[in-house]
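Convention: sequence-line order gives letters A, B, ...; per-chain numbering from 1.
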Number of protein chains: 2
Amino acid sequence: MTVANRKQREKEEMRELILDASRSIFLEKGYHQTSIRNIAEKIEYSPGTIYLYFKEKDDIFHALHEEGFRRLVAQMETLQFVSDPFERLKAMGRIYMDFAKNNKDFYDLMFIMQAPMNMEERDKWEMGDRTLDHLKNVLRDCQATGKFKGYDVEYLSFFIWSSMHGMCALYCRDRCNAYPEEEATTLMHKGFEIFIDMLDKM
Amino acid sequence: MTVANRKQREKEEMRELILDASRSIFLEKGYHQTSIRNIAEKIEYSPGTIYLYFKEKDDIFHALHEEGFRRLVAQMETLQFVSDPFERLKAMGRIYMDFAKNNKDFYDLMFIMQAPMNMEERDKWEMGDRTLDHLKNVLRDCQATGKFKGYDVEYLSFFIWSSMHGMCALYCRDRCNAYPEEEATTLMHKGFEIFIDMLDKM
DNA sequence: CAAAACTACTGAACAGTGTTCATTTTCCAA
DNA sequence: TTGGAAAATGAACACTGTTCAGTAGTTTTG
């Protein structure tokens, strides 16, 4: 049994080794430079070996994608200390946007790229679902205080997520250049302010 | 002179031929299947020939990207018949969203992909700028009627664009699957309704 | 302990990618 | 008709993801 256990653990360690290498290349040189051969070279194994631990390249990115969600969920942890529902919603938005600003590549991988989405249906979005459920719950809490009365939480959550994602996606994909006079982060900050203002008046 | 003219015209025709082939492969099989060799085969020329008309592959996608903007601007034409500024803003949003729904791949190319953005600075976004200016003008018209009082048009336009883009981007990149119970187009429609509702109360 | 079985790993091979460039073909004016 | 310019070619280069026959190392069995 102990042998099987060690094997199991070694398998896990190897996966982690591959993921570490992949993450570091991905964050340093971007998605397209993160090739199987580059990863293999970094961990000093042959390219074929990687396929003994991941079915295909996108599997690696799916794993990193999940890691991204774990990071985001971790950032959201502090929300439990914000008692007022609407304040919690605002804080949630701020955390979401800061995450995109500080983890551009992870955000891209999680919410924009197709690569990690080409998976079997199972646990495709387990982590994403958790975050979304979190948002829906905050909205329901808001509704309990009389805010957002009459709105369907499904659609309202989609709209709020979209508004935040829109700013983050324009940021990640360099469309903020459409405002050459403005700093991208300023646009996001001011955009967020307007959004909050708007939700307030709702 | 006539010979030079013809040469010029033939050059233009060849570019158009390449773009037609590229567009048809792009719309049928997606970005990654649109390879130089596939395009070359379709127009029955060798791969090298394409480089006599486009400096690099992304040049082709930049051209298609601009074509997308011309299509969108064409759709926006009808807006001139909507006299009320706020109604015009709403109509603009509807047109924008319908464009994304009906031209998913073009929308992706225009607002999400990096490919056509890797260009020299010149005329990178000439068409995009025009659309954005259009939005800003509509917002200024709204302000002239007392709506959106006190908001900076720069930031307000960014926020409004972001909200619309967010829904369209989640749609294009299959993140609407986060709502397995809902049809993606329903989400967009309902999301847009909430957005309008919100702008109304602003 | 030796042989057989199993596992981990390799790296060449396949089919594809964007891009370049010496060579050939085509065109047109003198 | 000929010579020079313009246009087109396709092989070559350096990559990509992925597969798989073969090898090396470890474990189990006789």
Side-chain angles (χ1 to χ4, degrees), chain A residues 1-19 21-22 25-26 28-65 109 113-120, chain B residues 1-19 21-22 25-26 28-65 109 113-120:
Chain A
M1 264 307 164
T2 51
V3 172
N5 275 359
R6 199 199 61 210
K7 289 273 155 113
Q8 174 69 31
R9 198 192 62 222
E10 280 174 354
K11 193 134 198 152
E12 213 55 59
E13 283 171 356
M14 187 62 166
R15 271 182 71 96
E16 214 46 62
L17 186 67
I18 293 168
L19 286 177
S22 305
I25 300 173
F26 171 62
E28 201 177 325
K29 315 213 177 156
Y31 177 75
H32 285 103
Q33 291 295 317
T34 313
S35 68
I36 296 293
R37 281 173 184 78
N38 285 347
I39 299 166
E41 196 185 16
K42 183 142 206 159
I43 63 174
E44 296 176 292
Y45 278 85
S46 83
T49 303
I50 290 174
Y51 286 89
L52 301 172
Y53 297 90
F54 290 93
K55 199 179 113 280
E56 54 189 4
K57 192 192 171 182
D58 286 349
D59 261 36
I60 296 175
F61 284 99
H62 182 75
L64 291 179
H65 160 276
L109 191 57
M113 288 189 194
Q114 294 285 19
M117 294 281 101
N118 309 331
M119 296 278 92
E120 283 82 51
Chain B
M1 265 306 161
T2 50
V3 172
N5 274 1
R6 199 202 59 207
K7 288 273 155 118
Q8 174 70 31
R9 198 193 62 221
E10 280 174 354
K11 193 134 197 150
E12 213 54 59
E13 283 172 356
M14 187 62 165
R15 272 182 71 95
E16 214 46 62
L17 185 66
I18 293 168
L19 285 177
S22 305
I25 299 173
F26 171 62
E28 201 176 324
K29 314 212 176 160
Y31 177 74
H32 284 103
Q33 290 297 315
T34 313
S35 69
I36 296 294
R37 282 173 184 80
N38 285 346
I39 299 167
E41 196 185 16
K42 183 143 206 159
I43 63 175
E44 296 175 292
Y45 278 85
S46 82
T49 303
I50 290 175
Y51 286 88
L52 301 172
Y53 297 90
F54 291 92
K55 198 178 112 281
E56 55 190 2
K57 193 192 171 183
D58 286 349
D59 261 35
I60 296 175
F61 284 99
H62 183 75
L64 290 179
H65 159 276
L109 191 58
M113 288 189 195
Q114 293 285 19
M117 294 280 101
N118 310 330
M119 297 276 91
E120 284 82 53

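Across the protein-nucleic acid pair, E41(A) atom CD and dA14(D) atom P stand 16 Å apart, rounded to whole Å. Atom CD of E44(A) is separated from atom C1' of dG11(C) by 16 Å (rounded to the nearest Å). When the P atom of dA8(C) is taken as reference, atom CE of M14(A) falls 10 Å away, rounded to whole Å. For the pair K55(A) NZ and dG17(D) C1', the interatomic distance rounds to 13 Å; values are reported in whole Å. Separating the CD1 atom of I50(A) from the P atom of dT18(D) is a distance of 11 Å, rounded to the nearest angstrom. Rounding to whole angstrom units, CG of residue L52(B) and C1' of dT20(C) are separated by 11 Å.
DNA chain D is contacted by both G48(B) and T49(A); G48(B) maps to the nucleotide lying nearer its 5′ end (nearest heavy atom per residue).
Note on F54(B): nothing from the nucleic acid sits closer than 4.0 angstrom, heavy atoms only.
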For nucleotides 16-18 of chain C, print each protein N/O atom paired with a nucleotide N/O atom at under 3.5 Å, atom names and distance only.
residue	atom	partner	partner atom	Å
dT17(C)	OP1	S35(B)	OG	2.7
dG18(C)	OP1	I36(B)	N	3.4
dG18(C)	OP1	K57(B)	NZ	2.8
dG18(C)	OP2	I36(B)	N	3.0
dG18(C)	N7	R37(B)	NH1	2.8
dG18(C)	O6	R37(B)	NH2	2.9

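Residues F26(B) and L109(B) meet the side-chain proximity criterion, which asks for heavy atoms closer than 4.5 Å.
Put simply, Y45(A) has no side-chain N or O that comes within less than 4.0 Å of OP1 or OP2 on dA8(C).
Using bins of under 30°, 30° to 60° and over 60° for the plane-to-plane angle, the ring pair H32(B)/H32(A) lands in the tilted bin.
The environment of CD in E41(A) is sparse: at most 12 heavy-atom neighbours from other residues, nucleotides or ligands sit within 6.0 Å.
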